[in-house]
Amino acid sequence: MTAYEDVTAHQGVTAPQPDPYEAARASAAALAAETGVDRHEIAIVLGSGWSPAADEIGETESEIPVGALAGFPRPAVAGHVGTVRSVRAGDRLVLVFAGRVHLYEGHDPAAVVHGVRTAAAAGCRVVVLTNAAGAVNPAYAVGQPVLIRDHLNLTAASPLEGPPPPPGYGLPFVDLTDLYSARLRALVRAEDPALEEGVYAGLRGPHYETPAEIAMLSAGGADLVGMSTVLEAIAARHLGVEVLGLSLVTNAAAGRTGAALDHADVVAAGHAAAGRVGRLLASVVPLL
Ligand code: 8IG
């Protein structure tokens, strides 16, 4: 153990993996053994506000705590462990991840994207990344789902930093044009033409922004602001996995209304919209 690993182990923070791709293959093998399903087709990562949707997507065949799959980061906060479900939605086999980890918990980028890399190693060719977000765009209402059209990665991090990917994996210099698949967005909008499309700014957090920062993000083209998704999208694209991104607006971003930002209000807004986003996800999966 290096000095760094020794320190981070005590903090519950994941030390850099020697080979995150090998770790993902090991997690996918454990997942196949635990679920009895060799390959899945679609992965869905449920962000806050989206977890009640898990029951709407299809028939849950099995549910596994991610702690049972080697390679997933230990939770930074004691007690909260994520789960992954194997769900049958019609003739589609879907992995549903509930509970992601964030940079702001002290995890490194490889830990943040481990679920997406595991899904890719398990055979998934599409990943649906969902999140709760603040509205930079003043036209967005709390409780409204928004399709992510593009992102601003303002985390100053990349899942592709570090040693180059091993043989068989693409170069780290990944083209992010059309990162959020135009094909998938068109499928979803054909189903729900009223859905808005917006640009998601991903920041490290965990603090919310100042009004000046929101004004800057707005001038820079952002419609939504949050603390997740962008690294997972990049990791998915690097592995050739198509990305669909969906945000649930749970608050107006700082300075957009007179109101102060309160985490409890944000959580409550997520719960209130659960039914709507659940139905949206359930209607989208068969299209993918
Ligand atoms: I929910 O207003 C949610 N997540 N950075 N700013 C940032 N993250 C968020 C916000 C917000 N709302």
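Start at 1 and go down the list; that is how both ligands and their atoms are numbered.
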Undergrad: Scan the side chains in residues 138-146 for donor-acceptor partners under 3.5 Å anywhere in the protein, sequence neighbours excluded, and list what turns up.
TA:
from: Gln144; atom 1: OE1; to: Ala141; atom 2: N; distance (Å): 2.9

Undergrad: Please name the pair of heavy atoms, one in Val174 and one in Leu171, separated by the smallest distance, quoted to 0.1 Å.
TA: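 Scanning both residues completely, I find the closest heavy atoms to be CG2-O, 3.6 Å.
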Undergrad: Please tabulate, one line per pair, the protein N or O atoms found under 3.5 Å from any N or O atom of ligand 1, giving the distance to one decimal.
TA:
from: ligand 1; atom 1: 2 (O); to: Asn251; atom 2: ND2; distance (Å): 3.0
from: ligand 1; atom 1: 5 (N); to: Glu209; atom 2: OE1; distance (Å): 3.4
from: ligand 1; atom 1: 5 (N); to: Glu209; atom 2: OE2; distance (Å): 2.5
from: ligand 1; atom 1: 6 (N); to: Glu209; atom 2: OE1; distance (Å): 2.8
from: ligand 1; atom 1: 12 (N); to: Gly134; atom 2: N; distance (Å): 3.3
from: ligand 1; atom 1: 12 (N); to: Asn251; atom 2: OD1; distance (Å): 2.7

Undergrad: Which of parallel (below 30°), tilted (30 to 60°) and perpendicular (above 60°) describes Tyr180 and His151?
TA: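 Because their plane-to-plane angle is over 60°, the rings of Tyr180 and His151 count as perpendicular.
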Undergrad: So that I can tick it off, tell me whether Arg185 and Glu197 are bridged by a salt bridge, with the cut-off set at under 4.0 angstrom between side-chain N and carboxylate O.
TA: yes
Undergrad: With a sphere of 6.0 Å drawn around CD of Glu59, does it hold more than 12 non-hydrogen atoms of other residues, nucleotides or ligands?
TA: no
Undergrad: How about Val136 and Arg256: do any of their side-chain heavy atoms sit closer than 4.5 Å?
TA: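 Touching, per the 4.5 Å side-chain cut-off.
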